[in-house]
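Order of the sequence lines fixes the chain letters, A, B, ..., with proteins taken first and strands second; residue numbering starts at 1 for each chain.
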2 protein chains.
Amino acid sequence: MQNAVNNVSLRIACSNCNLRELCLPVSLCGKEMERLDALTSLKRTFQRGEYLYRSGEGFRALYAIRTGFFKTQALHEDGREQVTGFQMPGEIIGLDAISSDAHTCDAIALEDSEICEIPFDRLEALSRELPGLQRHLHKIMSREIVRDHGIMMLLGSMRAEERLAAFLLNLSQRFSARGYSPNAFLLRMTRQEIGSYLGLKLETVSRTFSHFQEHGLLNVKVREVEIMDMLRLRSFVGSI
Amino acid sequence: MQNAVNNVSLRIACSNCNLRELCLPVSLCGKEMERLDALTSLKRTFQRGEYLYRSGEGFRALYAIRTGFFKTQALHEDGREQVTGFQMPGEIIGLDAISSDAHTCDAIALEDSEICEIPFDRLEALSRELPGLQRHLHKIMSREIVRDHGIMMLLGSMRAEERLAAFLLNLSQRFSARGYSPNAFLLRMTRQEIGSYLGLKLETVSRTFSHFQEHGLLNVKVREVEIMDMLRLRSFVGSI
DNA sequence: CATGGTTTTTGACCTATATCAAACGCATTT
DNA sequence: AAATGCGTTTGATATAGGTCAAAAACCATG
């Protein structure tokens with residue numbers, strides 16, 4: 001909602017960023033990492049509700065999330081919007097804009113967040129020199145394609161309970177990879193946003209949470225989720 | 001279904017391929033195109049029903065479709081399968097495999113087809129030398145991401161009629177870009193495959209075709225489609 | 001700590017699409 | 001020409017999830 005200009009420049013290098021095992025620098029040696037540092041000097045902070053970019057804006061850079069949480073949403077001309085993803089620290093966002101040199105969706109901070117700007121032409125130039133970086137960039141793009149196929153599968157052939165279970169397990173796994181508990185976490189998004197992402201109405205999301213709670217799979221208290229029975233939740237996904 | 005080994009090597013270079021404006025060579029000069037030719041010498045033919053690759057197979061190459069028609073499908077462990085795309089000449093397939101060095105879906109010829117194999121490590125090496133090729137490869141991957149977001153939107157928030165209209169308009173536009181009529185074309189896939197792609201059951205696809213025909217939007221005769229009222233069909237997509 | 005606005009939950013009812021089933025059409029084989 | 005088989009169409013019925021509505025919980029603000 002807001003559009004404040006309280007974006008600060010901070011000096012934190014890839015080489016001592018605690019996300020380097022998840023983010024772009026994967027598999028780079030010290031010397032190479034320094035060169036990546038030189039590209040990614042610009043950090044910016046965003047308050048909850050602020051836009052990182054908007055659909056239609058020119059493409060200049062990819063963004064690595066350092067802290068916080070974002071959502072991306074595509075808008076239909078008729079006003080309908082679809083959440084296409086929720087991004088957390090270490091993930092790269094803006095890849096969709098490469099194809100047309102313009103962003104094709106909005107990226108909005110779901111909580112106060114900090115990003116790291118990666119000018120794309122300089123990233124391309126560096127990746128021509130560093131095969132390891134080049135390969136990793138390709139892997140990141142490919143991973144996004146695989147992720148999208150997973151969501152297509154979810155939207156195309158799963159029932160509401162399976163969708164929500166898959167969503168929660170995915171969040172759990174990503175929190176876990178970042179050193180947080182896989183069993184208890186805070187949802188940063190509304191029921192409406194979860195529903196948009198999963199192709200469900202917010203009431204259905206809410207009801208499905210309640211069902212899971214009734215069956216002892218989860219403890220849900222609005223935004224706080226605790227997974228009580230991970231195995232049974234897993235068996236939900238793809239069990240019919 | 002079959003797994004014949006009637007794959008022939010043919011000598012057709014990118015430089016004289018009539019798909020060069022759609023495929024990888026976009027924006028390469030003569031000298032550069034020759035170098036790409038050197039990579040893509042292996043062409044193979046596939047009969048209807050043959051697999052180009054299968055989920056789980058090791059990743060070595062991308063494939064450019066020269067003639068024919070393919071589908072890609074992802075399989076769920078429980079046997080459910082979801083068609084993730086239909087590919088036609090000039091399109092590049094196999095991008096999902098980069099992330100894990102293994103294919104994550106099956107690619108199956110829907111009619112007798114011919115592909116052009118592009119060994120990925122050599123493509124990466126060449127794209128380190130040719131910035132134009134590098135950028136184009138990135139655009140191709142990004143375009144795939146944007147395409148997938150479109151399908152997510154379709155699956156997540158459109159009704160059956162909108163989905164089918166969007167699907168037909170997309171085919172129409174792609175046939176048109178290849179010099180074929182945008183108004184009349186042959187469907188290469190079954191109702192079941194269309195349904196899987198659109199998140200609908202085959203009966204719903206069939207009924208929706210019938211509705212469109214009743215309303216004078218289409219003439220459908222099994223696999224032959226003629227679009228009678230393109231504008232009204234367009235107004236269907238995203239009209240509520 | 002009262003207020004107003006947003007988000008979530010729950011209930012009652014409705015509809016788009018799924019499911020089940022049968023007939024039909026077209027192509028291939030015998 | 002009959003038989004076989006797959007894909008398609010159409011009808012009758014069922015249901016998962018949508019819609020509408022109201023209450024409850026939560027959050028930010030003065």
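Considering only heavy atoms from C-beta on, B:I65 comes within 4.5 Å of B:I93 through its side chain.
Nearest to the side chain of A:E203, among D:dG18, D:dG7, D:dA21, sits D:dA21. Of the candidate nucleotides C:dT17, D:dT10, C:dT8, D:dT10 has the atom lying nearest to any side-chain atom of B:S206.
Checked for salt-bridge contact, A:E117 and A:R60 meet the test: a charged N lies under 4.0 Å from a carboxylate O. Under 4.0 Å is where a charged nitrogen must lie from a carboxylate oxygen, and between A:R178 and A:E91 at least one such pair does. In this structure, A:R44 does not pair ionically with A:E50, as no charged nitrogen and carboxylate oxygen lie closer than 4.0 Å.
For the contact set between residues 207-214 of chain B and DNA chain D, defined by any heavy atom under 4.0 Å, the members are B:R207, B:S210.
Counting non-hydrogen atoms under 4.0 angstrom, B:G195 reaches nothing in the nucleic acid. Among the protein residues, A:R223 comes within range of the sugar-phosphate backbone only, with heavy atoms under 4.0 Å from sugar or phosphate atoms but none that close to a base.
Not one N or O on the side chain of B:S55 forms a donor-acceptor pair closer than 3.5 Å with the backbone of B:D106. The backbone N or O of B:A64 lies less than 3.5 Å from no partner atom in the side chain of B:R66, so there is not a single donor-acceptor pair.
B:R191 places its CZ atom 15 Å from the P atom of C:dA18, with the value rounded to the nearest Å. The interatomic distance linking A:E224 (CD) with D:dA25 (P) rounds to 16 Å, in whole Å. Summarising the geometry, the separation between CD on B:E161 and P on C:dA16 is reported as 9 Å, rounded to the nearest angstrom. If you measure from atom CG of A:L164 to atom C1' of D:dG17, you get 14 Å, rounded to the nearest angstrom. To the nearest angstrom, P of D:dG18 lies 13 Å from CZ of A:R159. Spacing between atom CG of B:L110 and atom P of D:dC6 amounts to 18 Å, rounded to whole angstrom units. Atom P of nucleotide D:dG7 and atom NZ of B:K201 are separated by 16 Å, given to the nearest angstrom. Counting to the nearest Å, the C1' atom of D:dT8 and the NZ atom of B:K221 are 13 Å from each other.
When the nearest nucleotides of DNA chain D are assigned to A:L200 and A:V222 by heavy-atom distance, the more 5′-ward of the two goes with A:L200. Mapping A:T204 and B:V220 onto DNA chain D by nearest heavy atom places B:V220 closer to the 5' end of the strand.
B:M230 approaches B:L169 most closely through the heavy-atom pair SD-CD2, 3.4 Å.
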